[in-house]
Number of protein chains: 2
Amino acid sequence: MTEKPTEPLTDQDFLRLDGQICFALNAATRAVGGLYRVVLKDLGLTYPQYLVMLVLWEHGELPVKQIGRHLRLDSGTLSPLLKRLEAAGLVARERSTEDERSVHARLTAEGAALRDRAVEVPRRIAAATGFDLAEIHDLHARLGRLTAALDAAVPPEA
Amino acid sequence: MTEKPTEPLTDQDFLRLDGQICFALNAATRAVGGLYRVVLKDLGLTYPQYLVMLVLWEHGELPVKQIGRHLRLDSGTLSPLLKRLEAAGLVARERSTEDERSVHARLTAEGAALRDRAVEVPRRIAAATGFDLAEIHDLHARLGRLTAALDAAVPPEA
DNA sequence: CGGCATTGAGTTGTGCGCAACTCAATTGCG
DNA sequence: CGCAATTGAGTTGCGCACAACTCAATGCCG
């Protein structure tokens, strides 16, 4: 659509292009995950657990629902993950007194202290990518637009 | 590194920025996956299965190892996935006669025929993103560089 | 030629992501 | 007020990703 008629892409071309972009996004995500796995090993965190900790370090105590909004995750993923963080002694969970459906997650002293060791993580990652801040911001913006467009496109089908 | 000294970013800033870019990449990947899940439902394929089929549609018969190279996946992921594709009647597997360690995957008639129905997938995805070809190519290039940089950075630690 | 390292596929175990579901608490509406 | 609909956590089941492992086939080197 909206392409110049100079080179009409065939269906085959579209399939190949689709494979390339999907593969690129997939591979990039898994490559990032792989690097974080190495870097986070010292902290005893998985990559998704690190993301949850980032949210808690920034916002303090939060109900599970809010964490999910920040990370685009539902309780099916977060409940067991938070249980593992609780078992690791980093997070405490307790039902809200004002709304007993809601469960609040907050950092333990140990969980809060882990932040001091986590500050080196982004530096090591940034060093590995070789991307500068401008590039990171640009990629961030593009991915944000992509996600927004897709999220807007998916629900209508439901 | 290489930043102007006007605003020295604190550790906290780096952690927040890290969370933002990680989240963006993660969310984009999962948003893409979510859209493909919807679109691929008709074909009875998951997103990773679709990627494998794309490889087979393009290259024909391939040993598992080669598929893995294309998709950056190992046998731990591919073996059960291919078994499911085989159970679905789309793929056949047979040990190579010249090297009996190797297993070749090839399309069945049904698997090859599925391509005709798959050609609409990229169009529906592209329509949902609202991205034009130039933008897709640009994103593709950036993600490729990111993956290459990360893959170069990770193995050294092993 | 014999034996050892390497290679390719597969299995096992753990954690994540998501759909579909249950259950209790809360909201809202007649 | 009372009851149905909604909301928030949690559970279950399935598929994917990856580490660590097994096993057989191959390659290599003295």
Side-chain angles (χ1 to χ4, degrees), chain A residues 22-23 26-38 40-41 44-52 62-69 71-88 93-105 151 154-155 157-158, chain B residues 22-23 26-38 40-41 44-52 62-69 71-88 93-105 151 154-155 157-158:
Chain A
C22 287
F23 163 67
N26 242 355
T29 300
R30 299 213 313 283
V32 169
L35 179 55
Y36 273 97
R37 190 172 304 117
V38 173
L40 290 173
K41 204 168 191 176
L45 293 175
T46 66
Y47 181 42
Q49 287 166 10
Y50 170 68
L51 295 181
V52 169
L62 276 183
V64 173
K65 192 71 180 180
Q66 289 301 317
I67 299 175
R69 263 193 260 279
L71 297 177
R72 205 183 179 282
L73 293 172
D74 65 1
S75 69
T77 299
L78 285 175
S79 287
L81 191 156
L82 287 170
K83 267 170 88 169
R84 282 186 284 270
L85 287 179
E86 190 174 37
R93 291 185 303 160
E94 44 201 26
R95 294 230 160 242
S96 166
T97 52
E98 53 195 31
D99 183 344
E100 299 216 349
R101 292 170 303 180
S102 175
V103 168
H104 290 240
D151 278 342
V154 170
E157 320 233 8
Chain B
C22 287
F23 163 67
N26 242 353
T29 300
R30 299 212 313 282
V32 169
L35 178 55
Y36 273 97
R37 190 172 305 118
V38 172
L40 290 172
K41 204 167 192 177
L45 293 175
T46 66
Y47 181 42
Q49 287 167 9
Y50 170 69
L51 295 181
V52 169
L62 276 184
V64 173
K65 192 71 179 180
Q66 289 301 318
I67 299 175
R69 262 192 261 280
L71 296 178
R72 204 180 179 285
L73 292 172
D74 65 2
S75 68
T77 300
L78 285 175
S79 287
L81 191 156
L82 287 169
K83 267 169 88 170
R84 281 186 284 270
L85 287 179
E86 189 174 38
R93 290 186 303 160
E94 45 201 26
R95 294 226 162 245
S96 167
T97 52
E98 53 194 31
D99 184 347
E100 299 216 348
R101 292 170 303 181
S102 175
V103 169
H104 290 240
D151 277 342
V154 171
E157 320 234 7

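To find a chain, count down the sequence lines: A is the first, B the second, and so on, and within it residues start at 1.
Mapping A:N26 and A:T77 onto DNA chain D by nearest heavy atom places A:T77 closer to the 5' end of the strand. Each of B:P80 and B:R69 was matched to the nucleotide of DNA chain C holding its nearest heavy atom; the match closer to the 5' end belongs to B:R69.
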Could you run through nucleotides 20-27 of chain D and give me one letter per nucleotide, 5' to 3': B if any protein heavy atom sits under 4.0 Å from the base, S if only the sugar-phosphate is that close, - if neither? -----BS-
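For A:F23, there are no ring-ring contact (aromatic ring centres under 6.0 Å, His included) partners two or more places apart in sequence or in a different chain. Under the side chain to side chain donor-acceptor pair (under 3.5 Å) criterion, A:S102 pairs with no residue at all, not counting sequence neighbours. By the side-chain contact (heavy atoms from CB on, under 4.5 Å) test, B:T46 pairs with B:P48, B:Q49, sequence neighbours left out. For B:R72, the side chain to side chain donor-acceptor pair (under 3.5 Å) partners at least two apart in sequence or on another chain are B:D151. By the side chain to side chain donor-acceptor pair (under 3.5 Å) test, A:D74 is found to be paired with no residue, residues two or more places apart in sequence or in another chain being considered.
In this structure, CG of A:L62 is placed 11 Å from P of D:dA9, rounded to the nearest angstrom. Per the geometry, CD1 belonging to A:I67 stands 14 Å off P belonging to D:dG8, to the nearest Å. Here the P atom of nucleotide D:dG10 and the NE2 atom of A:H104 are 12 Å apart, to the nearest Å. The separation between A:R95 atom CZ and D:dT7 atom C1' is 12 Å, rounded to whole Å. With rounding to whole Å, B:Q66 atom CD is found 9 Å from C:dG8 atom P. Atom C1' of nucleotide C:dT11 and atom CG of B:L82 are separated by 15 Å, given to the nearest angstrom. Computed from coordinates, the A:Q49 CD to C:dT14 P distance equals 15 Å when rounded to whole Å. Residue A:L73 contributes atom CG, which lies 13 Å from atom P of D:dA9 at whole-angstrom precision.
For B:R37 and C:dA19, the shortest distance from a side-chain N or O to OP1 or OP2 is below 4.0 Å. Taking only side-chain nitrogens and oxygens, B:R93 never comes nearer than 4.0 Å to OP1 or OP2 of C:dA9. Residue A:R30 places at least one side-chain N or O closer than 4.0 Å to OP1 or OP2 of D:dC18. Of the side-chain N and O atoms in B:K83, one or more sit less than 4.0 angstrom from OP1 or OP2 of C:dT11. Remark: A:S102 is in phosphate contact with D:dA9, judged by side-chain N or O atoms under 4.0 Å from OP1 or OP2.
B:T77 places no side-chain N or O within 3.5 Å of a backbone atom of B:L73 that could act as its donor or acceptor partner.
Among the protein residues, A:L78 comes within range of no part of the nucleic acid, since none of its heavy atoms lies under 4.0 Å from any strand.
Of the charged side-chain nitrogens involved, none lies within less than 4.0 Å of a carboxylate oxygen, so that B:R95 and B:E100 do not count as a salt-bridged pair.
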